[in-house]
Amino acid sequence: MQNTVEQINPLKAYFRKPGLWVKLPSQGKFYNQKPTDLNDMGEIPIYPLTAKDELILKNADALLNGHAITQVIKSCAPSIMDPENMPAVDLDSILVAIKRCTYGEHMNVTTKCDCENAKETNIRIDLNALISDIKVIDEIAPIELENGIKVFIKPVTVKNILSLNWVQYEQVRSLQLAEQQNLDEKSKMAVLQKSYTALTNESVKVVSGCIDTVLLPDGTAVSDASLIEEWVVDLSKPDYSNLERSIMDTNTKGITKEFTVHCAECNNNYTSTLDLNPTTFFA
Amino acid sequence: MRLLALKSGPDILKFLTSLEKDSKALIEDIATLAIYSNQSYDNLWNLTLDERVIFTKIIKDKISLEKGIKPKNELTQEMI
């Protein structure tokens, strides 16, 4: 007989306590499985890193293939059941919240002005201020192409970003290898061409993966991923760029990454950007 | 990725070495805690940084007390 009674872990009272609750820019939309502990304010609990999590963030291979990120999300944001398919814009907020509840409210950042005699400037960023200023994604308006087609998009997922990074890394490595092996110009060009094709293919895959539905002028709606990918491959350059830009724009919401720094050398203010890449962020 | 941003081989090597050094330091911390606290090495990997700091302070105080030295600051709720 199947046991239908849910087992309660007697150790549950001794589990880690949430460090803080963070607002998800997506408010739980665009998830295949909605975060389990999402409250009415669109927040989820975040737990501090354990020593085990910190160790995995020091593993170069795990950082490169994305395993470190997904493992850390599973440990510190257990409400998210499928971290790979979560919107990338939520990842930024979660990373900042994890940093806040593990290492405290300030983060030291080094920046450098573009001026001639610029020296590195160390500034302290208030993570509480960043978290309280998280901007929510409102409804994403459909993109209307010149031929009357309406494209309904969804934000880039963590998986998209990780696969794009991985392909990019592999291509850089193959180019470096070609350089080290002293290949002739023709062979180098072939490697370069191959890299360019691989990156373009991955980019097309990401863009088509972020299209939810294509609405034709006659009212026909296309949601089949393979049909959409076939259509994206055939798009004109301006239409493709328009789609790509709109999709990437969804990733700019959430945490405010830009901040103003005063340069002591040229006496001007300049804008710097917070690098939320997990490899740098927890290093 | 940060590895992609690094321009030269030595830069990458420096980054990888720093990751390895940090890992070893963390393992050493946990091993030290396990030895001095007589707790399971596996369990200690589940502690957060704050918990490890408090744990270390209490162990130091305990060792001091055993040596007959009274700790200067006792842990208070405020400190937690």
Side-chain angles (χ1 to χ4, degrees), chain A residues 11 14-20 46-66 68-69 72 75-76 98-105 161-173 175-177 179-180 199 275-283, chain B residues 1-63 73 75-80:
Chain A
L11 298 172
Y14 301 95
F15 285 0
R16 260 182 305 167
K17 304 283 181 289
L20 53 89
I46 300 291
Y47 297 76
L49 291 169
T50 63
K52 205 194 287 173
D53 300 330
E54 286 185 72
L55 192 66
I56 203 161
L57 287 168
K58 304 287 175 205
N59 184 313
D61 288 335
L63 283 171
L64 263 179
N65 63 25
I69 303 162
V72 164
S75 165
C76 300
I98 293 174
K99 182 120 183 168
R100 163 66 188 90
C101 62
T102 308
Y103 301 112
E105 58 193 277
I161 298 280
L162 291 176
S163 59
L164 204 57
N165 278 342
W166 181 246
V167 172
Q168 206 180 343
Y169 173 71
E170 282 202 319
Q171 300 321 310
V172 170
R173 232 175 50 168
L175 287 174
Q176 280 174 344
L177 272 176
E179 204 62 50
Q180 282 167 9
L199 275 172
D275 183 9
L276 287 177
N277 193 312
T279 44
T280 323
F281 200 59
F282 291 104
Chain B
M1 304 296 271
R2 186 175 178 186
L3 283 174
L4 290 174
L6 300 172
K7 289 180 181 73
S8 63
D11 273 350
I12 294 173
L13 202 67
K14 207 171 144 190
F15 176 63
L16 293 178
T17 311
S18 79
L19 286 180
E20 212 176 303
K21 237 169 108 179
D22 289 351
S23 302
K24 280 189 180 159
L26 191 57
I27 295 169
E28 206 178 307
D29 271 1
I30 299 294
T32 310
L33 268 184
I35 300 288
Y36 281 93
S37 66
N38 276 328
Q39 294 296 311
S40 141
Y41 177 72
D42 284 351
N43 283 346
L44 290 173
W45 280 103
N46 295 318
L47 292 186
T48 66
L49 179 67
D50 274 351
E51 289 167 338
R52 292 198 312 267
V53 170
I54 295 169
F55 213 85
T56 308
K57 190 200 170 295
I58 291 173
I59 290 172
K60 276 183 183 168
D61 289 352
K62 183 176 173 265
I63 293 169
N73 295 317
L75 190 70
T76 61
Q77 192 64 35
E78 270 179 341
M79 286 166 76
I80 300 170

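Labels below follow one simple rule: chain letters A, B, ... track the order of the sequence lines, proteins then strands, and each chain is numbered from 1. Predicted model, so just to flag it, every value in this text is computed and none were measured.
Across A:L55 and B:L26, no two heavy atoms sit closer than the pair N-CD2, 3.6 Å.
Among residues 28-44 of chain B, the residues having any heavy atom closer than 4.5 Å to a heavy atom of chain A are, in sequence order, B:I30, B:L44.
Under the rule for a side-chain contact (heavy atoms from CB on, under 4.5 Å), the partners of B:E20 that lie at least two apart in sequence or sit in another chain are B:K24. The salt bridge (charged side-chain N to carboxylate O under 4.0 Å, His left out) search around B:R52 returns A:E54, not counting sequence neighbours. With sequence neighbours excluded, the residues that form a side-chain contact (heavy atoms from CB on, under 4.5 Å) with A:T102 are A:P48, A:L49, A:I98, B:L49.
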